[in-house]
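Position 1 is the first residue of the sequence, and the numbers go up from there.
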Amino acid sequence: QVQLVESGGGLVQPGGSLKLSCAASGTIFSLNAMAWYRQAPGKQRAMVAGISSGGSTNYADSVKGRFTISRDNAKNTVYLQMNSLKSEDTAVYYCASDQRIWKVLGGNPAYWGQGTQVTVSS
């Protein structure tokens, strides 16, 4: 059974940084594409960043230059480093996984994490 467990969310002031982690189990992590999505109140879930099994990355325009996705296959973990945070980054952040990258990037992955809250506020 595949499990994705996010951590690292919290309250941060505008301009601050946070690093999210997503630990995967029950899967051959190195074969999976991974992504981070977020959902703000009243809005649809949207992709923030994705990374292929080979390390190629994709970012939403709204986070380019501020967020960095990375993966450590030895630790079965994907990360999201978030810098220069803005109030509009406030959302629940979800980790997503699938061996088919088009499903991960298309919002229909096989597996989702439970989410971690990120709140950017002074």
Side-chain angles (χ1 to χ4, degrees):
Q1 182 179 357
V2 176
Q3 283 193 315
L4 302 175
V5 179
E6 300 99 334
S7 61
L11 173 64
V12 63
Q13 292 187 342
S17 298
L18 277 178
K19 187 173 185 177
L20 305 183
S21 300
C22 171
S25 60
T27 182
I28 304 175
F29 180 79
S30 61
L31 297 181
N32 288 5
M34 304 293 296
W36 287 96
Y37 281 74
R38 67 186 180 187
Q39 187 168 20
K43 295 188 177 181
Q44 289 190 331
R45 192 176 298 190
M47 196 193 80
V48 174
I51 186 166
S52 70
S53 58
S56 298
T57 57
N58 295 79
Y59 295 94
D61 287 343
S62 59
V63 306
K64 282 180 181 176
R66 300 189 298 122
F67 291 10
T68 303
I69 189 171
S70 61
R71 63 190 298 157
D72 186 336
N73 289 341
K75 295 183 178 180
N76 287 2
T77 301
V78 64
Y79 304 98
L80 186 68
Q81 177 67 47
M82 305 185 293
N83 299 328
S84 302
L85 282 161
K86 306 175 182 179
S87 58
E88 51 262 45
D89 295 317
T90 296
V92 178
Y93 283 71
Y94 297 90
C95 179
S97 175
D98 200 303
Q99 289 193 9
R100 297 158 291 187
I101 190 168
W102 62 92
K103 282 191 161 287
V104 172
L105 299 183
N108 188 30
Y111 306 104
W112 290 100
Q114 83 288 351
T116 186
Q117 176 71 46
V118 171
T119 302
V120 184
S121 175
S122 55

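One distance of note links CE of M82 with CG of D89; it measures 7.5 Å at 0.5 Å rounding. Here R71 contributes atom CZ and T77 contributes atom OG1; the two are 10.5 Å apart, rounded to the nearest 0.5 Å. Interatomic distance, S53 OG to I101 CD1, rounded to the nearest 0.5 Å: 7.0 Å.
The two residues P14 and S122 come nearest to each other via the heavy atoms CD-N, 3.7 Å. Annotation for Q114 and L4: closest pair OE1-O, 3.4 Å, computed over non-hydrogen atoms. Shown here for E6 and G115, the closest heavy-atom pair between the two residues is OE1-N, 3.0 Å.
Taking 4.5 Å as the limit, some side-chain heavy atom of I69 sits within range of a side-chain heavy atom of Y59. Contact annotation: the side chain of V92 never approaches that of R45 to less than 4.5 Å [non-hydrogen atoms, C-beta and beyond]. By the 4.5 Å heavy-atom criterion applied to side chains, C22 and W36 are counted as neighbours. Counting only heavy atoms from C-beta outward, the side chains of Y111 and T27 never approach each other to under 4.5 Å. Annotation: side chain of V48 is in contact with side chain of Y93 (closest heavy-atom distance under 4.5 Å). Residues S56 and I51 are not in side-chain contact: their nearest non-hydrogen atoms beyond the backbone lie 4.5 Å or more apart.
Looking only at atom types and distance, the side chain of N83 has a donor-acceptor partner in the side chain of S17 under 3.5 Å away.
Under the 6.0 Å distance and 45° angle rule, R38 does not count as a cation-pi partner of Y94.
No donor-acceptor distance shorter than 3.5 angstrom exists from the side chain of Q81 to the backbone of F67, with no hydrogens or angles considered.
In summary, K64 and D61 engage in a salt bridge, as defined by a charged side-chain N under 4.0 Å from a carboxylate O.
Checked against the 6.0 Å centroid criterion, the rings of W112 and Y37 qualify as a close aromatic pair.
V118 pairs with exactly one of T90, L11, L20 by the side chain to side chain contact (heavy atoms under 4.5 Å, CB included) rule, that one being L20.
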